[in-house]
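Everything numeric here is computed off the predicted structure, so don't read it as measured data. Counting convention: from 1, in listed order, for ligands and their atoms alike.
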Amino acid sequence: MLVLGLETSCDETGVALYDSERGLLADALFSQIEQHRVFGGVVPELASRDHVKRMLPLIREVLAEAGVEREQIEAIAYTSGPGLVGALLVGASCAQALAFAWGIPAVGVHHMEGHLLAPMLEEQPPAFPFVALLVSGGHTQLVRVDGIGQYQLLGESLDDAAGEAFDKTAKLMGLDYPGGPEIARLAEQGVAGRFAFPRPMTDRPGLDFSFSGLKTFTLNTWQQCRDAGDASEQTRADIARAFQEAVVDTLTIKCKRALKQTGLNSLVIAGGVSANQALRRSLESMLEGLKGKVFYARPRFCTDNGAMIAYAGTQRLLAGQHEGPQIKVQARWPMEQLPAI
Ligand code: KG4
Ligand code: ZN
């Protein structure tokens, strides 16, 4: 089955063509980061308008790249939530209009299920069951995954998501949006051990997270240094390093606990923060100790993209799921509500 996938939940327009026999044929992405950077974060109205401009040219681009005629497309998968409603509506309207015009089915895909399944596009995909750590700009969740649509939430963030903590902390330290890659880059120049940061909620049982205190701790540390006349680039890098290590350590401790609780030794990390090299290294060394394995997508498919939506949609379409011609999106949508296939 040849499926066109469309992603428009936030500030990236992603389009891809996935074939259930041949795999991923083409994918294209337009990132709006430059447009939002001057505002220090995503401006929803600008995001929606830009998706409108980019969608059709990107679809033409993937068709040309894959050497596919539009008559060969058998179904369309699009992100129907969670995300920014205006942005989601652009993808949903476009998908439903094309599906209607071409006389093919359309299926709405859960954005986080897309992230969760993105490592399936790699050469050595994970096998069910596994524990998944979903770490994006909007979500931090630990999930037991027994199959597609068989999700048991083990723990989640009670306040900021991990990516959100990176973004907000970066902003407080005068770094650009999005903050994750900026902090990661700066942290590489930082010296470990200069500052002692807390590992929130690791001293009590449970698998929930809280990152907002860490953000305040970072701001206070940065302000104290500046008040003491030390606003050097090295100090900023040392703080970025301490912040990143605190987040990575906290995530690693909770992943280890989740693996112990479930008795599994296979871990999938997905979402924008799973592109973080320090996180990958830390989880890999933890899993080595457990004789297990960590799976993640190539960096391009860790952040938002059309390939993960085309893949997840294909699995649901193959199982006979699709929608009527309604245009319906959901800003909030617990992943556990998805049907199993
Ligand atoms: O999955 P994603 O592209 O969008 C959402 O669904 O939210 O994730 C974006 C988030 C942003 O918060 C960004 O700062 C973070 O992922 N991120 C990173 C890195 N690359 C992206 N965080 C830490 N280290 C990175 N290398
Ligand atoms: Zn995402």
Presence of N, O or S from Cys10 under 2.8 Å of the Zn ion (ligand 2)
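No.
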
At a threshold of 2.8 Å, where the distance has to be below it, does the Zn ion (ligand 2) have an N, O or S atom of His139 nearby?
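Not a single backbone or side-chain N, O or S atom of His139 is under 2.8 Å from the Zn ion (ligand 2).
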
Please name the residue in the list Phe166, Phe217, Phe195, Phe197 that meets the ring pair (Phe, Tyr, Trp, His ring centres under 6.0 Å) test with Phe243.
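So the option named by the test is Phe166.
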
Quick check on Glu69: does its CD atom have over 12 non-hydrogen neighbours (other residues, nucleotides or ligands) under 6.0 Å away?
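Counting other residues, nucleotides and ligands, CD of Glu69 stays at 12 neighbours or fewer.
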
From Gly272, Ser274, Pro299 - option closest to atom 8 (O) of ligand 1 by heavy atom:
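It is Gly272 whose heavy atom sits nearest to atom 8 (O) of ligand 1.
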
Provide, to 0.1 Å, the distance between atom 22 (N) of ligand 1 and the closest protein heavy atom, together with that atom's residue and name.
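Protein heavy atom at minimum distance: Gly180 CA, 3.3 Å.
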
With nothing but distance in play, are any N or O atoms of Asp304 less than 3.5 Å from an N or O of ligand 1?
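Indeed, backbone or side chain, Asp304 has an N or O that close.
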
Indicate yes or no: does an N/O atom of Asn276 lie under 3.5 Å from an N/O atom of ligand 1?
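The answer is yes, given that Asn276 and ligand 1 share an N or O pair closer than 3.5 Å.
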
Quick one: does Cys10 get within less than 4.0 Å of ligand 1, heavy atoms only?
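False for this residue.
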
Please verify whether a non-hydrogen atom of Met112 lies at under 4.0 Å from ligand 1.
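False for this residue.
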
The Zn ion (ligand 2) to Asp304: nearest N/O/S atom name:
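Relative to the Zn ion (ligand 2), the closest nitrogen, oxygen or sulfur of Asp304 carries the name OD1.
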
Using a 4.0 Å cutoff against the non-hydrogen atoms of [X], which atoms of ligand 1 qualify?
X: Asp167; answer: 11 (C), 12 (O), 13 (C), 14 (O)
X: Gly137; answer: 5 (C), 7 (O), 8 (O), 9 (C), 10 (C), 12 (O)
X: Gly138; answer: 7 (O)
X: Gly163; answer: 12 (O)

Indicate the atoms forming the closest heavy-atom contact of Leu207 with Gln261, along with that distance.
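For Leu207 and Gln261, the tightest heavy-atom pair comes out as CD1-OE1, 3.3 Å.
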
Salt bridge present between Glu323 and Lys328 (N-O < 4.0 angstrom)
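Salt bridge absent between Glu323 and Lys328.
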
Quick test of your reading of the model: are Lys168 and Glu164 salt-bridged, counting only N-O distances below 4.0 Å?
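Salt bridge flag = yes for Glu164 with Lys168.
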
Residue part near ligand 1, for His111, under 4.0 Å between non-hydrogen atoms:
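Answer for His111: side chain.
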
Measure His139 to ligand 1 on non-hydrogen atoms and call it side chain, backbone, both or neither using the 4.0 Å cut-off.
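It is neither; nothing of His139 touches ligand 1.
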
Report the relative orientation of the aromatic rings in Tyr311 and Tyr18; use parallel for angles under 30°, tilted for 30 to 60°, perpendicular for over 60°.
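Tyr311 vs Tyr18 ring planes: perpendicular.
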
Return the orientation label for the Phe128 and Phe130 ring planes: parallel under 30°, perpendicular over 60°, tilted otherwise.
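Answer is parallel, since the angle falls under 30°.
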
Does the side chain of Asp238 come under 3.5 Å of the side chain of Gln234 through a donor N or O and an acceptor N or O?
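Indeed, the side chains of Asp238 and Gln234 share at least one donor-acceptor pair under 3.5 Å.
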
Could Lys215 and Phe211 be counted as a cation-pi pair, given that NZ or CZ must be under 6.0 Å from the ring centre and within 45° of the axis?
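Checked: cation-pi criterion not met.
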
Test side chain to side chain donor-acceptor pair (under 3.5 Å) on Arg144 and Gln152 and set out the steps.
CA-CA 5 Å; Arg144 183 193 161 103; Gln152 186 196 343; 4.6 Å; no

